[in-house]
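Read through the structure below, which is laid out as structure tokens, and then see the notes.
Each chain gets a letter, A, B and so on, in the order its sequence line appears, and its residues count up from 1.
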There are 2 protein chains.
Amino acid sequence: MGYTIGQVAKKTGLSVHTLRYYEKEGLLPFIKKNSADLRVFSDSDLGWLELIECLKATGLHLKGIKQYIDWYIEGDSTLQQRLDMFKQQKIRVEQQMAELQKHMNKINYKIELYTQAVKDGTLHPEKETA
Amino acid sequence: MGYTIGQVAKKTGLSVHTLRYYEKEGLLPFIKKNSADLRVFSDSDLGWLELIECLKATGLHLKGIKQYIDWYIEGDSTLQQRLDMFKQQKIRVEQQMAELQKHMNKINYKIELYTQAVKDGTLHPEKETA
DNA sequence: GCTTGACCTAGAGTGTGCTCTAAGTTCTAA
DNA sequence: TTAGAACTTAGAGCACACTCTAGGTCAAGC
């Protein structure tokens, strides 16, 4: 229930530099410091890091994540904005999934093409535009 | 069957700057120049741009895309490398899809949470780590 | 013949997200 | 009590992928 920055770095795969950078950017406003001025991460902070990772991986920039956290801090008056943000993010993820499926189809086609080409020892039809 | 850089920019949504940059980086080695030194893009070049987009969107850096194009230029002796690259890329896309599904689940949970919170006018349980 | 617009090259500048360095403090353990 | 590891801040540096600027060419239309 209390982790050092090094422990959190190991747990999350982020570097200690990145964790400090996130804090500086206002993405981790709930971290405490102990008497020796060392950061003490709680389980809740780990939860925030997971959420940051989720929003980042789905295309939100740190600025957008900060906006969400600022809304969170502001309290119940921003519930609608936060809901809207998640709804917007859901739409993005759906688009990303559709895009990814299209890319997968193209890659599968290439794998077929090149599997045959390796068998033949040559790539004949050059269907690069497929 | 012959497009100016401006026409290709409109078609693809890339800027003319980006297209020139891609060429400079060796990603478009098949583009011709006409007598006035203007680039002439062919349909095949548009196909290459689609492939570049596909590889970029699935996590390959321009350097990796260049590697593929260099292999392509090198000819049949690199068929196996190119096949391996596409297989590797397929694995990446599968991972990305799984990740994206996890993120979608988290976002859906948040949408439920905040939909209820907006109804209630307040967010009680603070299940940020869910 | 002159303006406009699209193109050209070379190279500088920008935004994002880290990543590292320097100089210093604090804790642990031999 | 002293070495070493882990932490601190402030700020510089870096990689990537653009993005823009300056200065110039060229073709078409008024």
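Checked against side chain to side chain contact (heavy atoms under 4.5 Å, CB included), B:Glu112 has no partners two or more places apart in sequence or in another chain. With sequence neighbours left out, B:Asp37 forms a side chain to side chain donor-acceptor pair (under 3.5 Å) with no residue at all. For A:Lys87, the side chain to side chain contact (heavy atoms under 4.5 Å, CB included) partners at least two apart in sequence or on another chain are A:Leu83, B:Ile111. Residues forming a side chain to side chain donor-acceptor pair (under 3.5 Å) with B:Glu94 (at least two apart in sequence, or on another chain): none. Among residues two or more places apart in sequence or in another chain, the salt bridge (charged side-chain N to carboxylate O under 4.0 Å, His left out) test is passed with A:Glu99 by A:Lys102. With sequence neighbours left out, B:Asp120 forms a side chain to side chain contact (heavy atoms under 4.5 Å, CB included) with B:Gln116, B:Thr122, B:His124. In terms of the side chain to side chain contact (heavy atoms under 4.5 Å, CB included) criterion, B:Ala98 has no residue partners (sequence neighbours excluded).
Map B:Ala36 and B:Leu62 each onto its nearest nucleotide of DNA chain D; the residue landing nearer the 5' end is B:Leu62.
Taking 4.0 Å as the cutoff to heavy atoms of chain A, we find the contact window on DNA chain D bounded by D:dC7 to D:dT9. Extent of DNA chain C lying under 4.0 Å from chain B heavy atoms, first and last nucleotide in 5' to 3' order, is C:dC7 to C:dT9.
The stretch residues 12-35 of chain B touches DNA chain C through B:Arg20, B:Lys33, each having a heavy atom within less than 4.0 Å of the strand.
The side-chain hydrogen bond (donor to acceptor under 3.5 Å, both in side chains) contacts involving residues 57-67 of chain B comprise B:Thr58-B:Gln89, B:Lys66-B:Asp70, where partners must be two or more places apart or lie in separate chains. Sorted by first and then second residue, the side-chain hydrogen bond (donor to acceptor under 3.5 Å, both in side chains) pairs with a member in residues 13-24 of chain B read B:Ser15-B:Thr18, B:Glu23-B:Arg39; sequence neighbours excluded.
The nearest pair of heavy atoms linking B:Leu123 to A:Asp76 is N-OD1, 3.3 Å.
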